[in-house]
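Both ligands and their constituent atoms are indexed starting at 1 by order of listing.
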Amino acid sequence: MIKKGIAASKGYAIGTVFIQEHEEIVITDKKVEDIAAEKENLKKALEASRVQLEAIKAKAVESMGAEKAEVFEAHITLLDDPEFTGAMELEVDSNSINAMKAVENVTNTFVMIFESMEDAYMRERAADIKDVSKRIIANLAGKGGEGFAITEENTVVVAHDLTPSDTAQLDRSKVVGFITNIGGRTSHAAIMARTLEIPAVLGLGDITKAVKTGDKVIVDGITGDVIINPSAEVLAEYEAKKEKFRAEQEELKKLIDVKTVTKAGKRVEVCGNIGKAADVDQVLANGGDGVGLFRTEFLYMDRDQAPTEDEQYDSYKYVLEKMEGKQVVIRTLDIGGDKTLPYLPLPEEMNPFLGYRAIRLCLDRKEIFKVQLRALLRASVYGNLCVMFPMISGLEEFLQAKEVVEECKAELKAEGKEYSEKIQWGIMVEIPAAAVYADELAKHVDFFSIGTNDLIQYTLAADRMSEKVSYLYNPMHPAVLRLIKMTIDGAHSQGKWVGMCGEMAGDETAIPTLVEYGLDEFSMSATSILNAKKIIMEQ
Ligand code: PEP
Ligand code: MG
C-alpha cells in the first residue's frame, strides 16, 4: 500500500515501524478544595518542565546546532509568559479549577488564536504551545520527562505529530526516518528532520492507523511516498535508490575542501549566513569559504537592553578568529520592518518595511550605531572583515555611514585602541534604487551584497510575509533578474565584487543564471552550501 504525504526531508529510509504514542492522560473538570496546594503543584510542574527543557535544549545544541535549538529557548520563555502560565495560575486561583484543566483551558485559547492566523509560520507556532502544554500536563500527572526508548536499529518512527522535543530526543543511531499524520514543510518537525538529515514525510492523514508496530515501511523523502509492507521487488528498487542517494551525499562531502570553480574557470566563493557567533561551526563543517552575512540584529534580540560594545566585540572577534582569515561579512543592525526590539520602541507606521528601519534608524540614532561600529573596528584586527550597511537607497546614506565610521576611528585612536585599515566597506543592494544606481554606487563602495529577500518584495510590491500575494513573489521574474544583472555589471565596471545573501543564492533553479551573470560570491544557510558548490561547478 502506498500513502502520499508532504516530502519534508530528503532521502530514503527503509525500516521497521515504531508507533510513538504519548500515554493518554485523563483531564477532569473536578474543582479543587485546597487552592494553595494546587497552585504549588502547578508551580512544581512548571519548574520540572523548565529543567527538562533545559536538558533537551542542551542535547539539541549538540545534535543540531545553536540556531535550531532556539525553539527550546522559545519554549522556556513560554513558561515565563504571564499571559500563558500566569493565566493558568489565575484559573486555579479564581475558579478553583484543577491545574491540569487550567493548563488545558489556557492552551486551548492560545492555540485557537494562533491557528486562526493567516501566516503559515504563525499557525505552526500553535504546535509549540501544544508541546509545552503537553509537557506541563504530563508533569502534573507525574509522567513527565519520559522520552520514548527506541531499542531497534533501522526504526521508522510513526506519530500523529512529532513535537520539537520528541524530535530532539530521537536517537540518530537507531531512527532512520519518520512519518506523521499532520505537519508540513515549515513545521518544526520538518526543519529539524532536515537539520538531522533524517528522511521524513509529514501530513499523511492517518498513517498511525494505517500501520502497526513491526510493519516494514519505505519512506521516500523526495516524492513524499510511504510504502507499507513493500514487495521484495519494490524493496530492492528502493535499496538501490537509497544507495544511490547515499553515494551522492558522500560525493557532496568530498566538496568540503574543494575550491568552487565554474566550467569557464571562474573562482566563486560559497559562504554561509549566520545569526549567532556559534553558527560559524556549521559553516565550516559544510565547507563554507567564509561568512557572507552575519545578521547582527540577532545579538540584540531576546534581551532587555542592547548588547554592550564589549559583548559585541567578543562575538565578532570569535567569528573572525574561527574563520582564520577567511572573509567574514558582518551587516550592521537591520532592525525595524518585521524585526523589533522590546527596549527600542519604534513609531507605529502604516508600512514598517518602507519606514524607519535599518540604516535609516542607525543614522538617526547614532549613539546606538556607534556602539556597534566601535565593536566592529576593534574586532577587525582578528581576521578578514567586511562590513556592510543594510537598506541603502542612495549614495548619501553610505557616505553618512562612513562619516560615523570615521568618527569612531578617531575616538579609538585617541583612546589608543587598535583597528585594521584593511576592512572592506560595502552595502546591501536590496532596494531597487540601489540596483539601478549600482554603477555610480560602485565608485564608492568596496563591494555589494544583493539581498534578494527584500529586493524581490520591493521590486514586485509583494510583501514577503504575505501568503496571499506569495504567488507574485518570484525570484525569476524578468524585472528582478534585470536588477540583479545591473548590480553585477555595475560593480564589475568599477572592479568591485558582488555577493548575494538572500535565499535566492541557495536556490538550485536560480544558481545557473546567477553564475551566467557573473556573481562572485553566494551566501546561504550552511546546509545548502555543498549542493550549491556542486551546481556552480557544473555551470
Ligand atoms: C535580504 O533582504 O535578502 C536579506 C538577506 O536580509 P534579511 O532577510 O535579513 O532582510
Ligand atoms: Mg533584507
- Task: State the atoms of ligand 1, each with its element, that fall below the 4.0 Å cut-off from a heavy-atom position in L293.
- Result: 5 (C)
- Query: Is the shortest distance from a heavy atom of Q457 to ligand 1 less than 4.0 Å?
  - Reply: no
- Message: Check this for me, if you would: do D463 and K468 make a salt bridge, where the nitrogen-to-carboxylate-oxygen distance has to be below 4.0 angstrom?
- Response: no
- Task: For a salt bridge (charged side-chain N to carboxylate O under 4.0 Å, His left out) with E411, tell me which candidate from R378, R374, K417 qualifies.
- Result: R374
- Query: Any idea which atoms of ligand 1 are less than 4.0 Å away from a heavy-atom of E430?
  - Reply: 1 (C), 2 (O)
- Task: Run the numbers on E538 and K534 for salt bridge (charged side-chain N to carboxylate O under 4.0 Å, His left out), then give the verdict.
- Result: CA-CA 6 Å; E538 287 164 358; K534 173 171 168 266; 3.7 Å; yes
- Query: Any idea which part of R295 is under 4.0 Å from ligand 1, heavy-atom wise: side chain, backbone, both or neither?
  - Reply: side chain
- Task: Would you kindly specify which portion of I450 sits under 4.0 Å from ligand 1, judged on non-hydrogen atoms: side chain, backbone, both or neither?
- Result: neither
- Message: Under 2.8 Å from the Mg ion (ligand 2), is there any N, O or S atom belonging to D334?
- Response: no
- Relative to the ring of F114, is the ring of F110 parallel (under 30°), tilted (30 to 60°) or perpendicular (over 60°)? parallel
- Find all atoms of ligand 1 within a distance of less than 4.0 Å from any non-hydrogen atom belonging to R464, and give their numbers and elements. 2 (O), 7 (P), 8 (O), 10 (O)
- Query: For the residue pair L483 and V436, what are the closest heavy atoms and their distance?
  - Reply: CD2-CG2, 3.7 Å
Distance-only check: which donor-acceptor pairs under 3.5 Å involve side-chain atoms of residues 382-393, not counting sequence neighbours?
| from | atom 1 | to | atom 2 | distance (Å) |
| --- | --- | --- | --- | --- |
| Y382 | OH | Y313 | OH | 3.1 |
| N384 | ND2 | G325 | O | 3.4 |
| S393 | OG | E397 | OE1 | 3.0 |

- Output the atom name for the N/O/S atom of D454 with the smallest distance to the Mg ion (ligand 2). OD2
- Note on the structure: Taking only non-hydrogen atoms of C501 and a 4.0 Å limit, the atoms of ligand 1 in range are 5 (C)
- Query: Polar-atom distance check: R357 versus ligand 1, any N or O pair below 3.5 Å?
  - Reply: no
- Query: Among side-chain atoms of Q494 and D439, is any donor-acceptor pair under 3.5 angstrom?
  - Reply: no
- Item | Sub-4.0 Å heavy-atom approach of M504 to ligand 1 | no
- Any M428 heavy atom less than 4.0 Å from ligand 1: yes
Going by atom type alone, with no hydrogens or angles, which donor-acceptor pairs under 3.5 Å involve a side-chain atom of residues 341-349 and a protein atom two or more places apart or on another chain?
| from | atom 1 | to | atom 2 | distance (Å) |
| --- | --- | --- | --- | --- |
| Y343 | OH | Y300 | O | 2.6 |
| E349 | OE1 | Y356 | N | 3.1 |
| E349 | OE2 | Y356 | N | 3.1 |

- Tell me, which protein residue and heavy-atom name are nearest atom 6 (O) of ligand 1, and how many Å apart are they? R331 NH1, 2.9 Å
- Could you check which N/O/S atom of E430 is closest to the Mg ion (ligand 2)? OE1
- Message: If you compare all heavy atoms of L293 against all heavy atoms of C501, which two are closest, and at what distance to 0.1 Å?
- Response: CB-CB, 3.8 Å
- Task: Have a look at ligand 1 and work out which part of M391, if any, has a heavy atom under 4.0 Å from it: side chain, backbone, both or neither.
- Result: neither
- Spell out, as yes or no, whether a donor-acceptor pair under 3.5 Å connects the side chain of Q539 to the backbone of P512. no
- Task: List the steps and the verdict of salt bridge (charged side-chain N to carboxylate O under 4.0 Å, His left out) for D446 and K422.
- Result: CA-CA 11 Å; D446 295 321; K422 294 206 184 112; over 6 Å; no
- Query: Does an N or O from E297, backbone or side chain, lie closer than 3.5 Å to an N or O of ligand 1?
  - Reply: no
- Note on the structure: To atom 1 (C) of ligand 1, the nearest of I431, N453, I456 on a heavy-atom basis is N453
